[in-house]
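A, B, ... follow the sequence lines: proteins, then strands. Residue 1 opens every chain.
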Amino acid sequence: GAGVSQSPSNKVTEKGKDVELRCDPISGHTALYWYRQRLGQGLEFLIYFQGNSAPDKSGLPSDRFSAERTGESVSTLTIQRTQQEDSAVYLCASSWTGKGTEAFFGQGTRLTVV
Amino acid sequence: GENVEQHPSTLSVQEGDSAVIKCTYSDSASNYFPWYKQELGKRPQLIIDIRSNVGEKKDQRIAVTLNKTAKHFSLHITETQPEDSAVYFCAASIGNDYKLSFGAGTTVTVRA
């Protein structure tokens with residue numbers, strides 16, 4: 001595809017269930033970010049992948065959150081035992097290389113925990 | 001890690017007036033400074049960016065200035081229009097892995 005694709009676009013889950021969010025970056029982009037955006041709030045950094053380097057996980061809010069990336073392709077963000085405070089839009093972004101280039105955002109996954 | 005401060009958090013301007021948003025960063029090695037616009041319910045999109053070897057860049061009604069000595073950069077929107085109403089985020093690319101760090105955002109409202 002031409003842009004960053006995220007799926008699902010919307011997800012409603014029951015408290016305590018696990019969810020998996022998917023991000024397909026633009027082909028050839030080595031850098032990939034996950035952000036969380038609560039309603040009316042800013043971009044909360046979660047995790048950053050850059051090529052084959054160890055990911056920067058410094059933004060993950062708890063051990064219920066994890067993310068994987070297959071090479072320079074698809075990434076999945078997993079939230080275990082979801083809580084109501086996890087409700088937010090989860091945005092993925094990718095860039096050609098981290099080195100001073102534009103990051104392109106996906107449309108986001110709106111997660112609602114009920 | 002990099003700390004990017006953004007001010008103000010909200011900005012209301014009369015249509016036709018100018019809007020200015022300022023950001024400061026802490027890492028003197030930062031070398032890339034993009035600005036993103038996020039309209040309600042949409043994804044953030046790049047509107048302008050500047051690199052550390054340039055002091056100012058313009059694109060129609062939008063301009064960005066960079067002061068490396070003071071470690072701050074600003075977004076200027078002239079002749080504001082209702083469609084400029086959005087949340088604007090600044091960012092700085094830092095470190096050996098060039099991670100983008102974002103400011104907290106500025107909600108701009110243009111009053112007709």
Side-chain angles (χ1 to χ4, degrees), chain A residues 1-7 9-10 23-26 29-60 69 72 88-110, chain B residues 1-10 21 23 25 27 29-54 57 59 64 66 68 73 86-109:
Chain A
V4 178
S5 179
Q6 291 186 244
S7 60
S9 54
N10 282 283
C23 173
D24 282 275
I26 293 172
H29 281 194
T30 60
L32 187 148
Y33 305 78
W34 282 99
Y35 295 92
R36 179 169 69 180
Q37 188 172 36
R38 294 197 167 100
L39 189 63
Q41 302 297 310
L43 301 169
E44 179 185 359
F45 168 75
L46 297 178
I47 190 168
Y48 172 60
F49 296 91
Q50 171 56 284
N52 295 320
S53 301
D56 178 350
K57 302 180 180 181
S58 61
L60 295 178
R69 188 180 185 192
E72 295 182 353
V89 175
Y90 290 81
L91 288 162
C92 173
S94 72
S95 65
W96 173 55
T97 165
K99 188 175 180 180
T101 57
E102 176 183 358
F104 293 84
F105 283 82
Q107 83 282 10
T109 293
R110 182 176 299 280
Chain B
E2 174 68 281
N3 187 29
V4 179
E5 300 278 344
Q6 182 171 348
H7 299 281
S9 57
T10 61
I21 304 170
C23 288
Y25 59 98
D27 187 347
S30 294
N31 52 22
Y32 175 64
F33 308 90
W35 285 88
Y36 285 80
K37 176 182 181 182
Q38 186 177 29
E39 296 177 350
L40 190 62
K42 297 187 176 180
R43 74 190 79 186
Q45 291 192 299
L46 181 78
I47 53 171
I48 195 168
D49 56 13
I50 192 167
R51 300 180 188 279
S52 59
N53 58 343
V54 176
K57 183 177 179 181
D59 182 3
V64 58
L66 171 65
K68 285 201 70 182
F73 56 112
V87 180
Y88 292 81
F89 294 97
C90 64
S93 178
I94 54 93
N96 292 330
D97 61 355
Y98 305 105
K99 186 180 83 176
L100 274 181
S101 289
F102 282 85
T106 298
T107 301
V108 174
T109 303

Side chain / backbone / both / neither for A:L91 at chain B, heavy atoms under 4.5 Å:
side chain

Atom pair CD (A:E102) and OH (B:Y32), whose distance is rounded to the nearest 0.5 Å
6.0 Å

Pick one of side chain, backbone, both or neither for A:V4, based on which atoms fall under 4.5 Å of a heavy atom in chain B.
backbone

Okay, A:E44 and chain B: the region with an atom under 4.5 Å from a heavy atom over there is neither

Using non-hydrogen atoms and a 4.5 Å limit, figure out which bit of A:F105 sits close to chain B: side chain, backbone, both or neither.
both

Is the backbone N or O of B:L100 less than 3.5 Å from a side-chain atom of A:Y33, with the two atoms forming a donor-acceptor pair by type?
yes

Value rounded to 0.5 Å, distance of CZ in B:R51 from OG1 in A:T101
7.5 Å

For A:R110, I'd like to know if atom CZ has over 12 heavy atoms of other residues, nucleotides or ligands within 6.0 Å.
no

Using a heavy-atom cutoff of under 4.5 Å, enumerate the residues of residues 36-45 of chain B that contact chain A, numbered in order, or state 'none'.
B:Y36, B:Q38, B:R43, B:P44

